[in-house]
Colleague: 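Quick one: this structure, given as structure tokens, is what I'll be asking you about.
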Amino acid sequence: MSVAKQDVRSLAEAARAASRVLATAPTGQKDEALRLMARHLREAIPAIVAANEVDMAAARASGKGGAFLDRLLLNASRVEAMARAVEEVAGLKDPVGEVTEGWDRPNGLHVSKVRLPLGVVLMIYEARPNVTSDAAALCLKSGNAALLRGGSEAARSNAAIAAALAAGVTEAGLPAACIQPVPPGERETLLELLKLEGLIDLCIPRGGEGLIRFVAENARIPVVKHYKGVCHVYVHAAADLDMATRITLNAKTSRPGVCNAAECLLVDRAVAEAFLPRVARELVAKGVELRGDPATVEVLSRAGVAVTPATEEDWGREFLDLILAVRVVDGLDAALGHIARYGSEHTEAIVTADAAVAGRFTREAQASAVVWNASTRFNDGGELGLGAEIGISTSRLHAFGPMGLRELTSQKYVIHGQGQVR
């Protein structure tokens, strides 16, 4: 085994030992650690921003695009938001030890189901340094040790954030190995991490399609995939078109480089003539490039709005940029068919005043979140009241959608008897 591989195993062994301490740590101690972590993040804002400036300069020099740079960027306000998110986790109910069900058996046994930590969670992620603090906070509160393997493009930012978090953890009297950054390195090192059965209990990859596939194909440990977000907004024939315009604009333009941004607009043929020109003009005014099917191109060309003919590759594509695919569909069944073929089971939205149609859509659209008359951007742990999230799972086992504290626990059966034998 190479030195690098031995170092990776040592990190995992330390995390395993720390997880046993953290699993039984009282809620008060964990919450104190989180508050201290937030304080140290604030105190380290100059160091974190300075480290991020170096990462940003390197990313610009390598030709990274605007959406990538937006995900990578940290400034004082973003670090403050990270600190607030850590504090919000401290304010959430501790899931560890929660009794979720209980019942009595005819033989007098009392059976209950109780939440417990997963153990050691490995996060593998790319250019999102805020994941370092979000994942660390959620893992700590849920009693899990965290191994945080960020990408090389954010190496300096992640190291500065991790140093601040570690200071808070140790000040609260918990093992430093509760939260450990794994320095980015060669793929051989990542492969070694993915083989550590018995030391790592769950891997959560967040990033591009290539990273997710690499992890899924090579892991010997359980993986919850946070796959691409090909999110659709379907404007039904019974939609309030003013509402549909607001929702579409927000879903696409509020932050186009995130996974819950809309990547495709589906418009019912019955309202295409009335809706497409008005929403397209506002989208183009915000810098959005439209890629339309033939019906969309026909309508928008007559209206004098710039549009590019879509190719087959544009359907089912996560642009993560100010680009939107647009298709005219013949009713609900066609919209559902398009989503079934091209969606990624992340987030799907419908705009309609028809409750029966909305009911069918929410039942039949397969996604971790299905939204009626609101933006896709609400599929987010904070917006749904979960506090900071570790990511949005597009796997159905063992979690689906935003993963908060409860999704970082499992359940065990606790059986109370009075001497019963079988």
Side-chain angles (χ1 to χ4, degrees), residues 8 11-12 14-16 18-19 22 34 37 41 71-72 74 82 85-86 89 117-155 157-166 169 176-185 187 189-196 199-208 210-216 218-228 258-259 381 386-395 398-399 401-409:
V8 165
L11 288 174
R16 171 60 68 191
S19 72
L22 191 54
L34 290 164
M37 288 159 62
L41 278 174
R71 293 193 296 275
L72 179 60
L74 291 178
M82 289 161 53
V86 172
V89 173
L118 297 173
V120 177
V121 175
L122 167 64
M123 286 291 303
I124 301 174
Y125 52 104
E126 294 178 331
R128 296 178 186 272
N130 64 293
V131 172
T132 302
S133 61
D134 285 352
L138 284 164
C139 285
L140 189 139
K141 181 65 178 265
S142 57
N144 298 292
L147 292 170
L148 305 171
R149 204 268 192 184
S152 58
E153 67 284 335
S157 305
N158 289 334
I161 294 166
L165 299 174
V169 168
C178 288
I179 299 169
Q180 295 183 90
V182 180
R187 286 232 159 166
T189 305
L190 179 53
L191 281 170
E192 181 64 18
L193 276 170
L194 297 174
K195 295 176 183 176
L196 294 179
L199 292 177
I200 298 174
D201 297 282
L202 180 69
C203 174
I204 303 175
R206 289 184 62 177
L211 172 67
I212 305 296
R213 291 195 182 280
F214 179 84
V215 170
N218 290 281
R220 294 182 186 172
I221 56 180
V223 176
V224 172
K225 290 182 286 188
H226 292 239
Y227 197 40
K228 60 186 179 181
V258 295
C259 60
L386 306 180
E389 68 180 32
I390 207 162
I392 296 177
S393 169
T394 54
S395 305
H398 79 123
M403 290 187 67
L405 290 174
R406 287 190 172 190
E407 288 72 29
L408 288 172
T409 64

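Predicted model only: the values in this text are computed from it and were never measured. In what follows, every heavy atom counts, from backbone to side chain, and hydrogens, waters and symmetry copies are set aside.
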Colleague: With sequence neighbours excluded, what pairs up with Ala166 under the side chain to side chain contact (heavy atoms under 4.5 Å, CB included) test?
Modeller: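 Side chain to side chain contact (heavy atoms under 4.5 Å, CB included) list for Ala166, sorted by chain: empty.
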
Colleague: Taking the side chain from Glu126 and the backbone from Gly207, do they hold a donor-acceptor pair closer than 3.5 Å?
Modeller: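 No, the answer is negative, given that no donor and acceptor are paired below the 3.5 Å cut-off.
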
Colleague: Does the His226 side chain pair with the main chain of Ile212, one donor and one acceptor, at a distance under 3.5 Å?
Modeller: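 Checked: no pair found.
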
Colleague: Report yes if some heavy atom in the side chain of Thr189 is under 4.5 Å from a heavy atom in the side chain of Glu192; otherwise report no.
Modeller: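 They are not in side-chain contact.
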
Colleague: Can you measure from CG (Leu147) to CD1 (Ile179) and round to the nearest 0.5 angstrom?
Modeller: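 If I round to the nearest 0.5 Å, the distance is 11.0 Å.
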
Colleague: I'd like to check the side chain to side chain contact (heavy atoms under 4.5 Å, CB included) partners of Ala160; sequence neighbours left out, ordered by chain and number.
Modeller: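 Side chain to side chain contact (heavy atoms under 4.5 Å, CB included) check on Ala160 returns Ile48, Ala51.
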
Colleague: Excluding sequence neighbours, so at least two apart, what forms side chain to side chain contact (heavy atoms under 4.5 Å, CB included) with Ala146?
Modeller: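 Side chain to side chain contact (heavy atoms under 4.5 Å, CB included) list for Ala146, sorted by chain: Cys139, Leu148.
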
Colleague: I need the Leu140 CG to Leu408 CG distance, nearest 0.5 Å.
Modeller: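 Spacing of CG (Leu140) from CG (Leu408) equals 11.5 Å.
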
Colleague: Please find the pair of heavy atoms, one from Ala145 and one from Ala15, that lie closest to each other, and give the distance.
Modeller: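 Closest heavy-atom pair between Ala145 and Ala15: CB-O, 3.4 Å.
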
Colleague: Between Leu165 and Ala136, which heavy-atom pair has the shortest distance, and what is it?
Modeller: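 In terms of heavy atoms, the two residues are closest at CD1-CB, 3.8 Å.
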
Colleague: Hey, does Val89 have a side-chain heavy atom less than 4.5 Å from the side chain of Leu138?
Modeller: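 Answer yes - side chains close enough.
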
Colleague: Working to the nearest 0.5 Å, report the span between CE of Met403 and CD of Glu389.
Modeller: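 Rounded to the nearest 0.5 Å, the CE-CD separation comes to 10.0 Å.
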
Colleague: So, for Ala18 and Cys178, which heavy atoms are closest and what is the spacing to 0.1 Å?
Modeller: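 Result for this residue pair: CB-N, 3.7 Å.
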
Colleague: Do the side chain of Ser393 and the main chain of Ala399 share a donor and acceptor less than 3.5 angstrom apart?
Modeller: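 Flag set: sc Ser393 to bb Ala399 pair under 3.5 Å.
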
Colleague: Would a 4.5 Å heavy-atom cut-off, applied to side chains only, mark Val131 and Met82 as touching?
Modeller: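 No, too far: nothing below the 4.5 Å cut-off.
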
Colleague: Output the distance between atom OH (Tyr125) and atom OG1 (Thr132), rounded to the nearest 0.5 Å.
Modeller: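 So the gap between those two atoms works out to 2.5 Å.
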
Colleague: Keeping to residues at least two apart or across chains, list the salt bridge (Lys or Arg N to Asp or Glu O under 4.0 Å) pairs with something in residues 139-150.
Modeller: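 Counting only pairs at least two positions apart or across chains, the salt bridge (Lys or Arg N to Asp or Glu O under 4.0 Å) contacts touching residues 139-150 are Asp31-Lys141.
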
Colleague: Side-chain contact, heavy-atom cut-off 4.5 Å: Leu41 with Val86?
Modeller: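 Leu41 vs Val86: side chains touch.
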
Colleague: Looking at every heavy atom in both Gly119 and Arg16, which two are closest together, and how far apart are they?
Modeller: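 Of all heavy-atom pairs spanning Gly119 and Arg16, the closest is CA-NH1, 4.3 Å.
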
Colleague: Let's go through Ile124 and Leu194 carefully: what are the C-alpha distance in whole Å and the side-chain angles of both, what is the deciding distance for side-chain contact (heavy atoms from CB on, under 4.5 Å) to 0.1 Å, and is it a yes or a no?
Modeller: CA-CA 10 Å; Ile124 301 174; Leu194 297 174; 3.9 Å; yes

Colleague: Between Val182 and Leu190, is a side-chain contact (heavy atoms from CB on, under 4.5 Å) present by the stated rule, with each step listed?
Modeller: CA-CA 10 Å; Val182 180; Leu190 179 53; over 6 Å; no

Colleague: How would you list, by chain and number, every residue that makes a side chain to side chain contact (heavy atoms under 4.5 Å, CB included) with Pro117, sequence neighbours excluded?
Modeller: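 Partners of Pro117 under the side chain to side chain contact (heavy atoms under 4.5 Å, CB included) test: Ala23, Val96, Asn144.
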
Colleague: Can you name the nearest heavy-atom pair linking Ile221 to Leu193, along with the distance?
Modeller: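 For Ile221 versus Leu193, the nearest heavy atoms are CD1-O, 4.1 Å.
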
Colleague: Hey, does Pro129 have a side-chain heavy atom less than 4.5 Å from the side chain of Leu74?
Modeller: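 They are in contact (side-chain heavy atoms under 4.5 Å apart), so the answer is yes.
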
Colleague: If the threshold is 4.0 Å, N to carboxylate O, is there a salt bridge linking Arg206 and Asp134?
Modeller: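 Here Arg206 does not pair with Asp134 in a salt bridge, since their nearest N and O are not under 4.0 Å apart.
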
Colleague: State the CG-CD1 distance between Leu122 and Ile200, to the nearest 0.5 angstrom.
Modeller: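 Going from CG on Leu122 over to CD1 on Ile200, the span is 5.0 Å.
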
Colleague: Decide side-chain contact (heavy atoms from CB on, under 4.5 Å) for Thr409 and Leu118; before the verdict, give the C-alpha distance in whole Å, the side-chain angles of both, and the deciding distance to 0.1 Å.
Modeller: CA-CA 5 Å; Thr409 64; Leu118 297 173; 5.7 Å; no

Colleague: Taking the side chain as every heavy atom from C-beta outward, state whether Asp201 and Val121 have any atom pair closer than 4.5 Å.
Modeller: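 SC-SC contact between Asp201 and Val121 ruled out.
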
Colleague: Between Met123 and Ala135, which heavy-atom pair has the shortest distance, and what is it?
Modeller: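 Closest heavy-atom pair between Met123 and Ala135: CG-CB, 3.8 Å.
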
Colleague: Checking the side chain of Ser395 only, and the main-chain atoms of Lys225 only, is there a donor and an acceptor separated by less than 3.5 Å?
Modeller: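 At least one qualifying donor-acceptor pair exists.
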
Colleague: Which residues pass the side-chain hydrogen bond (donor to acceptor under 3.5 Å, both in side chains) test with Arg406, sequence neighbours left out?
Modeller: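 By the side-chain hydrogen bond (donor to acceptor under 3.5 Å, both in side chains) rule, Arg406 matches Glu98.
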
Colleague: Can you tell me how far CG of Leu191 sits from CZ of Arg187, rounded to the nearest 0.5 angstrom?
Modeller: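 That separation rounds to 8.0 Å.
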
